[in-house]
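Working notes, structure below.
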Amino acid sequence: MDTRNLIIVALDCDTRATAQRIVDQLGDECRFYKVGLELLTVAGPDFVEHLVAQGKEVFLDLKLFEIPNSVAGAVRAAGSLGVSMVTVHGMGGLGIMAAAVDAARAFPGLRILALTVVTSMTDEDLTDIGIAGSTEEQVLRLARLAGKAGCHGLIASPRDVAALRNALGPHPLIVTPGVTLPGDSPAEHARPGTPRAAVAAGASHLVVGRTVTRAADPAAAFRLVRSSLVQ
Ligand code: C5P
């Protein structure tokens, strides 16, 4: 297994120059980047196209939650940039997810991932927005709905991966943010886990951000994440 294919580095940067510096430092080590709303807004779609032109895969983390027509338009725009993954909010319901999946059909390499419950949210946060039950129950409910809508996979916290694999079987992608290396500070992740535990539980991809991008030596930190997967 080439572990490079399953680690996605989140470029949560406030300037294009910072993001480019990290990409340069990681070089061939890293093949897959996540671009979120911050970097997309400061650097523009041109930076995404630039990554794709360099042979990188891009997960464009748009976290779409809009009327279906607008979701479809955003997915088409993302597909035209050549990205591999786009996120849509499962809480938006079946119509929004199905619109995203439908729009993605024009782009054979494009996968639609449903966001279930953001890893920082707790049961209490769900209660606050009127959702009864635990985060685990909500994750499973939205995962099943995402499957019904035809989504190719899910975003899920390390602690939810095993239950999702169990419930959904081997096919859906499960992309797992909120991973920290043993000894790292869990920052604001309410449900963190190690990369190795997430993969063992059934994650198909890991999203790693600050553990790599804020390290004094990002390439060394990336290698540490890789080696932690096979030890
Ligand atoms: O914490 P880290 O820097 O590794 O975060 C990387 C990515 O994981 C972020 O871009 C964010 O989308 C996701 N994340 C999350 N929930 C959190 C923290 C981060 O989904 N609580």
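When a ligand or atom number is given, it counts from 1 through the structure's own listing order.
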Study note, to complete from the structure: Near Pro177 (heavy-atom distance under 4.0 Å), the atoms of ligand 1 are 8 (O), 13 (C), 20 (O)

Review point. Do other residues, nucleotides or ligands put more than 12 heavy atoms under 6.0 Å from Arg4 CZ?
Key: yes

Exercise for review: State yes or no: do Leu94 and Ile112 share one hydrophobic cluster built from I, L, V, M, F, W and Y residues joined by side-chain heavy-atom distances below 4.5 Å, directly or via other members?
Suggested key: yes

Check your understanding: Roughly how far, to the nearest 0.5 Å, is CG of Asp160 from OG1 of Thr176?
Key -> 9.0 Å

Check your understanding: Under 4.0 Å from any heavy atom of Arg210, which atoms of ligand 1 are there?
Key -> 1 (O), 2 (P), 3 (O), 4 (O)

Check your understanding: Should you measure from each heavy atom of Lys63, which atoms of ligand 1 turn up under 4.0 Å away?
Key -> 12 (O)

Point to revise | CZ (Arg165) with more than 12 external heavy atoms under 6.0 Å | key: yes

Review point. Are any of the heavy atoms in Met121 under 4.0 Å away from ligand 1?
Key: no

Check your understanding: Purely on distance, is any nitrogen or oxygen of Thr211 under 3.5 Å from one on ligand 1?
Key -> no

Review point. Which atoms of ligand 1 have any heavy atom of Asp61 under 4.0 Å away?
Key: 12 (O)

Practice item. Using only heavy-atom distances, determine whether the side chains of Arg196 and Ser228 contain a donor-acceptor pair under 3.5 Å. Key: no

Exercise for review: Using a strict cut-off of 4.0 Å, indicate which atoms of ligand 1 neighbour a heavy atom of Ser120.
Suggested key: 21 (N)

Review point. Counting only heavy atoms not in Asp128, do more than 12 sit closer than 6.0 Å to its CG atom?
Key: yes

Point to revise | Distance-only N or O hit between ligand 1 and Gly209, under 3.5 Å | key: yes

